[in-house]
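Inspection log for the structure reproduced underneath, given as structure tokens.
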2 protein chains.
Amino acid sequence: MGKMTNIALIEDDIELKELLEKYLNFQDDFNVVLSVVSAEDFFEEFKQIEKIDILIMDIGLPGISGIDALPKIKQHLPHTEIIMLTVHDDSEKVFQSLRRGASGYLLKNTPLDKIKESIEQIFAGGSPMSPNIARKIVEFFNPKQIEGQKELSTREKEIVVALVDGLSYKLVADRLDISIDTVRQHIRSIYRKLNVNSKAEVISKSFKGEI
Amino acid sequence: MGKMTNIALIEDDIELKELLEKYLNFQDDFNVVLSVVSAEDFFEEFKQIEKIDILIMDIGLPGISGIDALPKIKQHLPHTEIIMLTVHDDSEKVFQSLRRGASGYLLKNTPLDKIKESIEQIFAGGSPMSPNIARKIVEFFNPKQIEGQKELSTREKEIVVALVDGLSYKLVADRLDISIDTVRQHIRSIYRKLNVNSKAEVISKSFKGEI
DNA sequence: CATGATATCGCATAAAAATGCTATATGCTA
DNA sequence: TAGCATATAGCATTTTTATGCGATATCATG
């Protein structure tokens with residue numbers, strides 16, 4: 001037998017919580033060591049547990065939300081991998097969870113065997129992600145056009161990426177192997193298309209998905 | 001019978017190409033309508049195909065690379081969903097592919113039945129992604145802690161917010177009702193604490209949650 | 001084949017940002 | 001209380017950015 005994986009659950013839907021508990025405990029190498037219905041309960045009890053490898057938690061919890069609890073949990077348990085299991089599929093919640101340290105993001109319609117698979121993926125250095133969540137992320141990297149805003153060319157998008165990386169004109173030129181004057185020219189076109197007149201605005205728009 | 005899904009392949013590994021072709025054609029509702037070994041061949045032949053729903057392509061192709069071919073393909077076939085199937089798992093290639101319009105990203109060790117599943121996920125509005133690839137993305141959103149990064153003061157955080165809003169020093173001074181020299185001074189402190197030396201880097205860090 | 005979008009490069013200049021140095025006042029804390 | 005971080009402000013200089021103007025070449029589209 002391999003080593004046991006210790007799992008904790010925070011889930012206020014009692015039915016789902018018990019189902020998960022039973023299913024995971026039924027697996028040979030999984031062991032549910034803590035199962036609570038709120039973040040508050042978790043903070044009260046987690047210190048009594050020797051080791052938590054995986055925490056599966058909801059977002060829509062009573063009291064402290066799952067997202068707000070994330071930083072505090074990661075602070076106390078930096079080596080625990082956290083999987084969000086939730087009905088929320090809006091980009092804001094997804095990105096917030098990831099920024100605050102979640103390693104995976106599953107929708108509640110995920111079948112039990114896929115949840116098991118997700119835990120195994122974590123140990124294989126992967127990040128389990130429901131396909132619909134992954135789509136949000138893909139859209140972040142390749143946002144849809146804003147109405148009335150002109151499409152940037154491939155080269156212009158590359159320039160934007162470089163600006164977002166914090167590069168100066170000189171370094172952009174080096175990365176793309178073009179002259180600094182050409183960089184200037186592209187940036188001019190970008191400013192015109194986006195109706196801005198500073199790098200700062202381009203970077204902000206990029207992060208806000210407005211490009 | 002449901003409607004047929006038309007699939008195209010660009011894969012220079014002949015063995016894999018033929019295996020995929022056979023496997024996908026064997027499925028009831030899949031139909032491999034084009035199967036070539038290079039981007040050049042694809043551009044020559046794709047116009048003869050009435051409809052391509054899904055394109056599965058490699059990155060490491062002879063001649064034009066898969067990544068370089070992406071924008072041109074999306075331009076001609078904006079409604080074709082593209083899945084990258086490749087051995088490359090470095091962040092740069094992953095992000096480049098996504099920025100250039102790929103809808104999914106699978107590693108070559110993906111089993112055939114998972115590839116089939118991925119195609120179905122695309123039609124369900126999802127983005128198939130190997131777990132190891134998803135991990136790269138998660139790390140993008142939650143970068144590792146920068147060692148010895150100092151906490152910003154309240155005033156400094158206000159300045160950061162103003163910079164993120166795309167304001168110039170002058171406008172920051174106006175908003176906070178302080179002199180432009182004081183703004184400079186605060187920004188100096190911010191740069192020192194964050195180990196950067198441009199507005200662009202501050203804004204990026206802010207969006208990435210590194211502040 | 002003309003037109004427009006893209007991609008490249010150069011020169012010049014004004015505006016903004018980055019940095020070096022100095023200085024005063026306040027509040028916290030070791 | 002001496003030291004430290006914060007918040008304020010000024011001046012000078014260098015570097016980077018923003019913008020105006022001009023130019024050539026390619027490619028796709030009408």
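Within every chain, numbering begins at 1; the chains are lettered A, B, ... in the order of the sequence lines, protein sequences first and strands thereafter. All values below come from the heavy atoms of this structure, side chains included, with hydrogens, waters and symmetry mates left out.
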Round to the nearest Å and state the distance from A:Glu158 atom CD to C:dT6 atom P.
-> 14 Å
side-chain N/O B:Lys199 vs D:dT15 OP1/OP2, d < 4.0 Å = no
Under 4.0 Å between a Lys/Arg side-chain N and an Asp/Glu carboxylate O for A:Glu158 and A:Arg175?
-> no
Figure out the CZ/P separation between B:Arg155 and C:dA25, and round it to whole Å.
-> 19 Å
Would you mind classifying the nucleic acid contact of B:Thr182 as base, sugar-phosphate or nothing, using non-hydrogen atoms under 4.0 angstrom?
-> base
For the pair made of CD in B:Glu156 and P in D:dA7, what is the distance, rounded to whole Å?
-> 6 Å
Just how far, in rounded Å, is C1' of C:dG10 from CD1 of A:Ile187?
-> 16 Å
Separation of B:Asp181 atom CG from C:dG20 atom P, in whole Å?
-> 16 Å
Could you check which of C:dA18, C:dC21, D:dT17 has an atom nearest any side-chain atom of A:Ser168?
-> D:dT17
Could you check how far CD of B:Gln185 sits from P of C:dA17, rounded to whole Å?
-> 16 Å
A:Phe42 and A:Phe46 aromatic ring geometry - parallel, tilted or perpendicular at 30°/60° bounds | parallel
At under 4.0 Å between heavy atoms, what does A:Ser189 touch on the DNA or RNA strands: base, sugar-phosphate, or nothing?
-> nothing
Rounded distance (nearest 0.5 Å) linking atom CG of B:Leu107 with atom CG of B:Asp89 | 6.0 Å
Regarding the side chain of B:Arg188, the nearest nucleotide among C:dG20, D:dG20, D:dT8 is C:dG20
Where the side chain of A:Ser153 is concerned, which of C:dT22, D:dT17, C:dT6 is the nearest nucleotide?
-> C:dT6
Have a look at the helix from C:dC1-D:dG30 to C:dA30-D:dT1 and give the angle its two end axes make, five pairs each, rounded to 10 degrees.
-> 40°
Sidechain-backbone polar pair: B:Ser204 side chain, A:Val164 backbone, donor-acceptor under 3.5 Å | yes
Would you say C:dA18 has OP1 or OP2 under 4.0 Å from some side-chain N or O of B:Tyr169?
-> yes
Residue closer to the 5' end of DNA chain D, A:Ile180 versus B:His76 (nearest nucleotide) | A:Ile180
Within less than 4.0 Å of OP1 or OP2 of C:dA18, is there a side-chain N or O belonging to B:Tyr191?
-> yes
Look at B:Lys72 together with B:Glu40 and state whether they make a salt bridge at an N to O cut-off of under 4.0 Å.
-> no
Quick one: do A:Lys108 and A:Asp58 make a salt bridge, cutoff under 4.0 Å?
-> yes
Which listed nucleotide (C:dA12, C:dT6, C:dG10) is nearest to the side chain of A:Lys193?
-> C:dT6
Could you give the CD1-to-C1' distance, from A:Ile159 to C:dT6, as a whole number of Å?
-> 12 Å
Would you say B:Ser179 reaches D:dG10's phosphate, i.e. side-chain N/O to OP1/OP2 under 4.0 Å?
-> yes
Residue-phosphate contact under 4.0 Å: B:Arg184 side-chain N/O, C:dA16 OP1/OP2 = no
Report which part of the nucleic acid B:Asn197 touches: base, sugar-phosphate, or nothing (heavy-atom distance under 4.0 Å, all strands).
-> sugar-phosphate
The residue, B:Ser198 or B:Asp177, whose nearest nucleotide of DNA chain D is more 5′ is B:Asp177
Hey, are B:Lys116 and B:Asp113 close enough for a salt bridge, meaning a charged N less than 4.0 Å from a carboxylate O?
-> no
Would you indicate, yes or no, if C:dT8 has its OP1 or OP2 atom less than 4.0 angstrom from a side-chain nitrogen or oxygen of A:His186?
-> yes
Could you check how far NZ of B:Lys72 sits from P of C:dT6, rounded to whole Å?
-> 16 Å
Ignoring hydrogens and angles, tell me if any N or O in the side chain of B:Asp53 forms a donor-acceptor pair with the backbone of B:Thr5 under 3.5 Å.
-> no
